[in-house]
Amino acid sequence: MFRVLKNAFFAVTGNVLSVPFQLLALVLIVRSLGPDLYGKYAFAQEYTVFIVCMAEAGLGIIVTRELSKHRDRAGWYLGNFYMLKLILVAAVFAVVTSLGFLFTSDRETIAAICILGGASVLFSFLPFYWGIFRAYERMIWEGISALLQPALFVSALCFIIYGLHERQNIRAMAAAMLLSCLLVVLFCAFIVKKTLVSAEWRLDRKLILFFFGEMIPPAVLLIVFDAIIRTCILMIKTFHSAAEVGYFTIGIRLTYQFGMLAAVLAGAWLPTLTKNAHEDSERFDFNANQFVRMMLLLSAPLAGVVSFFAADLIVFFCGIDYLPAAPVLHVLALSIPMFFLLQVSKTMLESGGRQKYYTLPVVIGFGVNLVLSLLLISSNGAMGAAFSVAASFLSVVGFSFLRVWHHMNGKFIFSVFCRMGLSLILMITVFSISRRFPWILSLLLGIVCYLISLLVIKEVSLDEARRFIRFFGGRKIDGSI
């Protein structure tokens, strides 16, 4: 466990350090383009995310699993994985970019779709390489590449905006994304070949078809899950202005940025839970409960901060012109704990090879989103979409946990939830009282009070806090309140 947590530390550190660069990239784009042009860019960006979903389709998880089990034939497996990946990205890019012409006739948007489509193809290789790094327990390279891509993107944007003075050029900004993804993919390919394993191009059609079959259920789930966001964007574009699309996109982007830690932690826990699922069921239950506890303690204060300071964050990052996005972010922030808990149930199911049981919750969530979108978006725009997304994620979490609840220690989870809730109430109270101070100072005071209260009520011990800061450690589950 110590080795797994230490390995995760490097990936988490890299991803956390990448957040300021991702936020800075968002700030540079939205401030340079303005609400109307950013709405066009955001539509192209969100539309092409489908390429990442379809071209990734859980292949990174399969790569981690198979390379971990077959180190003696890793080169052969990797060569077949490469071929499968190349076939996927070529087919997906052709289909998605072609369909893009059906949704818009604007030349700038079409050009952005084509360029960002290429960037999405390249970006979909990153989870693939991260799967290799995880299999060899070299997640430090995952952290470096996760940090390098947004850093290069920001550098390219600064050159375009301040060097070339192209402040309202959608194509140039899309090209900056394409260039950053290309450089990072080449970097990952170099690291894999020189330090881990070289691909052997002895292809096995049966093996490729077998893994392709394994990828179909995750691909369908990713598409349906991602369609929750895309449906909202398409409906906002239909009934409202491009600026309204931009407001919703900013809200969902910031929410994803703050919730991205969940996916990194899930990737680090997957190898351990996979081993426990096949060898030690009691240890699996222990680690699963620790996983839930950690996600609750991290996500609840994060959601409280983003929701309470939504307007301040919008103005700070995007400027006063985007203040109408603040109510959207206020609502979407409540989805952050859902992102974290979704990763828990998803990882637990994947570790036992039960991904198919995730299908029904996701389909139900999409159904909830579709119904609420039809009812709310036409009259409420981005705010209606925000409520629709929050409700759909809540339904997915609820139904997915029904599949794994037999692994949970209900008394322990209830204890964690109650203690965390008390600390969260104290944090929000401090926010309200200290509102007369600068918002950043108020934020820091509330977070400090939250952490101190967890220590006082003994939800977190001093020794555990030290281990948590170092390697995200946990305490023993005894079921006591």
Residue pair [X] / [Y]: nearest heavy atoms and the distance that separates them:
X    : Y    : answer
I236 : A385 : CD1-CB, 3.7 Å
L157 : A176 : CD2-CB, 4.1 Å
M427 : G446 : CG-O, 3.2 Å
L424 : P301 : CD1-CA, 3.9 Å
Y41  : A174 : CE1-N, 4.1 Å
A172 : I160 : O-CD1, 3.1 Å

Under a 4.5 Å cut-off applied to non-hydrogen side-chain atoms, are [X] and [Y] in contact?
X    : Y    : answer
L28  : C158 : yes
V396 : I364 : no
N289 : V416 : no
L33  : M173 : yes
L341 : F291 : no
F248 : M383 : no
S335 : F339 : yes
C188 : L126 : yes

CA sep, side-chain torsions, deciding dist, call: V344, M348, side chain to side chain contact (heavy atoms under 4.5 Å, CB included): CA-CA 6 Å; V344 174; M348 291 175 66; 3.9 Å; yes
Donor-acceptor pair, [X] side chain versus [Y] backbone, under 3.5 Å?
X    : Y    : answer
S415 : K411 : no
S400 : V397 : yes
S32  : I29  : no
H240 : I377 : yes
S307 : A303 : no
E244 : G381 : no
S442 : P438 : no

Worked verdict on M408 versus W405 for side chain to side chain contact (heavy atoms under 4.5 Å, CB included): CA-CA 5 Å; M408 298 290 100; W405 188 252; 3.4 Å; yes
Between [atom1] on residue [X] and [atom2] on residue [Y], distance to nearest 0.5 Å:
X    : Y    : atom1 : atom2 : result
C181 : L122 : SG    : CG    : 6.0 Å
R171 : L116 : CZ    : CG    : 12.0 Å
M338 : S299 : CE    : OG    : 7.5 Å
L152 : L182 : CG    : CG    : 10.5 Å
L445 : I440 : CG    : CD1   : 12.0 Å
F393 : L332 : CZ    : CG    : 8.5 Å

Option from N369, L374, V368, L375 for which side chain to side chain contact (heavy atoms under 4.5 Å, CB included) with V371 holds: L375
Test side chain to side chain contact (heavy atoms under 4.5 Å, CB included) applied to C418 and F414, step by step: CA-CA 6 Å; C418 290; F414 181 74; 3.4 Å; yes
F308: ring pair (Phe, Tyr, Trp, His ring centres under 6.0 Å) partners, not counting sequence neighbours: F431
Atom NE2 of H407: over 12 foreign heavy atoms under 6.0 Å: yes
F401 CZ: over 12 foreign heavy atoms closer than 6.0 Å: yes
Parallel, tilted or perpendicular: rings of F316 and W439 (30°, 60°): perpendicular
Under 3.5 Å side-chain donor-acceptor pair for S423 and R419: no
Intermediate values then yes/no, side chain to side chain contact (heavy atoms under 4.5 Å, CB included), L443 and D312: CA-CA 11 Å; L443 184 152; D312 301 284; over 6 Å; no
Validation row, ring centre F21 to ring centre F153 under 6.0 Å: no
